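Reading through the C-alpha cells given below for one structure.
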Amino acid sequence: MQFQFESLAAFLHMDGHGPFVWAAYAVTFVALAALAFQPRLQRRRLKRELERQQRIEARRRSVEAQRSRAAEPA
Amino acid sequence: MAWQWFHRLGSPRWFYQKTSAWMPWLALASVLLIGAGSVWGLGFAPEDAKQGNSYRIIYIHVPAAFLALAGYYIMAISGAIGLIWKMKLSFVVMRAAAPIGAVLTFIALFTGAVWGKPTWGTYWVWDARITSMLILLFLYIGVIALARAFSREQVADKACALLALVGTVNIPIIYKSVDWWFTLHQPATIKFTEKSSIDPSMFYPLLTMIIGFYCLYAWTLMAHTREKILQREWRTSWVQQLMRGKSMTESKAG
Amino acid sequence: MSSPETAAHSFTPAARAVPGFMPLFRSELLLALRRRADIANPLLFFVTVLALLPLGVGPEPELLARLAPGMIWVVALLATLLSQESLFRADFEDGSLEQLALTPQPLYFAVLAKVAVHWLVTGLPLALLSPLLGMMLNLPEGGYLSLLLSLLLGTASLSLIGAVGAALTVALRRAGLLLALIVMPLYVPVLIFGTGAVQAAVDGYAYGPQLAILAALLAGGTALAPLAAAGAIRISLDN
Amino acid sequence: MMALQASPSQLLRVRQLSCERDGRVLFAGLDFDLGPGQALQIEGANGAGKTTLLRTLIGSAGDFDGEILWNGRAFPAALPELRAHLLYIGHGAGVRRGLTPLENLAWYGAARDEALRALEQVDLFGFEDSLCQQLSAGQNRRVALARLFLAGAPPLWILDEPLAALDIAGVSGLQGQMACHLSRGGSILFTSHQPVALAGLRTLNLSEFASPEPAGFAEETIDVLA
C-alpha cells in the first residue's frame, strides 16, 4: 500500500476529479464540525440566559424587600 | 433489580454524569478513525478502474448514507421508548437525533450529487438510492418542523415520537416503491454502488470511515442531548450548580 | 323554572354513551353534506390546475398524452391534501373532539368514520371526474379505466395517511403547510403505484399488480392509520 | 336522604396532586374527596390552573404528580372506569356547529322527546331545529348544558364555568337541576366565579395551593453573581 500520486499537485488535481472530491470532503467536514460545535454555542447562550434570569430575580427580591420594609412601620 | 438501572438511566442527571466520562474518549476515537480513514481513502487506496478518482467520495458518502437511515431508526426507537415508558430522557435523545440525522442525510445527498457530475455528467441523478435519500430528508424536516410548531415541550415530544414511528413504518415501503419505480424507468444504467464486489484495498478504508462516523454520531448525539438536558432542567439545583461551577472556575481563570 | 324531578333515575352509562360507528358515520356525512362549499373546493382546484397544464407546457397532443397520467394523479393528490386540514379542525374548536375522546368507545371508529366521509366527499368525486379530465388532456385510449380504479383506491389511502397529519397538527393555528410537509413523503408510495397503474395501462401492459399493491396499501392504511391518528388526537388534546 | 341508584363506592379521591405547565408549577399538594351527593366549587384567580385541574381529572392532561383515585383504583388504570361515569363540559361546549340542538343531543344518545324537554328547560324553546352555527355563543353553551337535564345523565359531573353564559332564570334553573342531581346521589365538581346557592356546597381556592418560588433559585446563587 503506497501513496497513489506522484506529487502533491497530482494529489490535489486527481487527474480532473480533484475539485469534486475536495468539494465533497470540504462540505462534509464543515457540516460535521458545525454539528460538533453547536452544543458549545448553546451552552454559552444558556449561561447568559440564566444570569439574566437571576438578575431579574435579584431585582424582584430587592423590590419586595423594600416594599415589606416600607409597610412595617405603618 | 434489572429494571433498576433502566429507570436510573432515565434520570437526566445520572445520564449527564455518566456521559461526562465517555465523551473525551469517544471524541478521540472518532477524530483518529475519520482522520486515518480519510487519508487512507484519499491518498493510499487505489482509484476505481471505471470511475477514476471521483470514486474516493465513497468514503464519506456511504458512511453518511448509512447513518442517515440508522439515525432515523435511532430517533424513532428513542421516541417509542419515551411514549411507552414515559421517559423524559429518551424524548430528549429523540429531539437531539433529529437535526443530526437531517445533516447527515444532507451530506449523503450533497456528496452523491457531486459524485454524479463526473460519473454521469449531471449533478442531480434520479437514482433510486438518491431519491429515497431525498424523501428521507423530507421525513426528517417534517419531524423537526413539527417539533418547532408546538408551544409545549411535552406535547411536541409525543407528537414527534408518533410521527417518527409512522415514518419508520413507511420507510421500507418508500424504499421498495422507489426501487420499483427506478427499475421501471431506467432499467439499463448501472446500480449506483455495488458494495458487495468492492476490492479489499478499498473496503478497509471504508470500514474505518464507517466506524469513525458511528463514533462521531454517538459523540454528537451525546453532546446535543446533554445540552438539551441542561436547557430543559435549568430550574433544578444541579443544573444551577453546574452552570455556577462553570462560571466560578471561569471567573477564577478569567 | 323547572321543578326538580323526583322520579328515581338510574345512572345507566350506556344510555349516554355516544352511538357506534354507523350513527357516527351518518352524523359526519350529514355535517359534510351541509358544508357544500367544502365539497366543491377540491374539485374546482382539480379542474382549474389541470386546465392550466396545456397553457403551461403547450397543447401538443402527444406531449399531453405523455404527461396526462402523472399530472392527473399529482393534482388529485394535491386536491386531497388541500381538504385534509379541516378534517378535525371544526370538532377540535367546538370541543366535540374532546367529548369523543372521553367516550369509552375507542377513537379508532370516530377517525375511520371521519376519513370515510372525507373520502366520499373528496376522493370519490375526484376519481369520477378524472376520465373527463383525461379526455381534456388527450389521455390515450387504454388508460381511462385504470385511471378511475387507481384513483378510487389511491385517494382512500391518501385520506387515511392525511388523517394522521391532520390529527398531529389539529391543535396548531397555521397548520396547512406543516401538514403538507409531514404527509408528502408518506404519499410517495401511493403516488408511484397509482401513476404506475395508469402508465402500464396506457402502454398496453397489465395493470393488475399495481392495483393489487394500491389495495394492499389501502388495507394496511385502514388498519394502522386510524390508530396513529387516534393517538395523535389524544396528544393534541393535551396541548 | 338515601341515595337511590348511585353505588356508594362512587368516590373521587385526590391526594397530593400537583400540576406543572410550561415549567411553572401551577399548584401542589392538592387534597380533596368528592363522594356521592357532594358538590365542590373550585375558585382561584385566572391562570391558577382551574382548567388544567379539570382536564387532569378527566385524563386529557397527562402529566401530573400525586394520586387520583376513582372507587379506590388509581389513575391511569381507573381512567376508563371514571370516564364511563363522567359528564364533562369544558370551555369548548362540545356542541357541533353544523348540527341542530336536537341532533347534537341525539349525538349524545338522547331520545327525541327527552331532548325536547331538556332544551325547553334551558330556555331554547323554538330553537330546536335551527343550526347551532346560527345560535349565539350563550345559546350554544345552553345546548351543552341541556345534557345535564337528560334523564340518563352520568353520576359524576365535571363542569368548567357552567354558569358563565346564563341569565338569572338560567342560573336558578341550573342550580335546581344540580340540587336534584345531588339528591339523587350524583356528585358535581365545577369552576365558577359567581357564588352558587347549593346546600352543602364546599369551595376550594386553588390559589392557596400555588407553589412557592420554582425550586431552582437557592439563595446563595444570587450572592455569587451579585
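Lettering follows sequence order; numbering is per chain, from 1. What you see is a predicted model, and the numbers here were worked out from it, not measured in a lab.
Taking chain D as the reference chain and counting heavy-atom pairs below 4.5 Å, the highest number among C:Arg234, C:Glu98, C:Glu93 is found for C:Glu98. Of the residues considered (D:Ala144, D:Gly92, D:Ala93), D:Gly92 shows the highest number of contacts with chain C, using heavy-atom pairs under 4.5 Å.
For C:Leu124, the CG atom is densely surrounded, since the number of other residues' heavy atoms within 6.0 Å is greater than 12. Around the CZ atom of C:Phe109, the shell of radius 6.0 Å holds no more than 12 heavy atoms that belong to other residues, nucleotides or ligands.
To the nearest 0.5 Å, atoms CH2 (D:Trp107) and CZ (C:Arg26) are separated by 14.5 Å. For the atom pair D:Leu86 CG and C:Leu102 CG, the distance stands at 6.0 Å (nearest 0.5 Å).
For the residue pair C:Gln99 and D:Tyr88, the shortest heavy atom distance occurs at NE2-O, 2.7 Å.
Applying the ring-ring contact (aromatic ring centres under 6.0 Å, His included) test to C:Trp73 and every residue at least two apart in sequence or in another chain returns nothing. By the salt bridge (Lys or Arg N to Asp or Glu O under 4.0 Å) test, D:Glu103 is found to be paired with C:Arg34, residues two or more places apart in sequence or in another chain being considered. Here C:Asp38 pairs with C:Arg35 under the side-chain hydrogen bond (donor to acceptor under 3.5 Å, both in side chains) rule; sequence neighbours left out.
Remark: C:Asp94 does not engage D:Arg96 in a salt bridge, criterion side-chain N to carboxylate O under 4.0 Å.
With a 4.5 angstrom heavy-atom cutoff, D:Leu131 touches chain C only via side-chain atoms. For C:Leu30, the part lying near chain D is the side chain, with the backbone staying farther off; criterion is any non-hydrogen pair under 4.5 Å. No part of C:Ala90 comes within reach of chain D, as not one of its non-hydrogen atoms sits under 4.5 angstrom from that chain.
Identified by a heavy-atom distance below 4.5 Å to chain C, the contributing residues of residues 52-60 of chain D are D:Arg55, D:Ile58, D:Ser60, in residue-number order.
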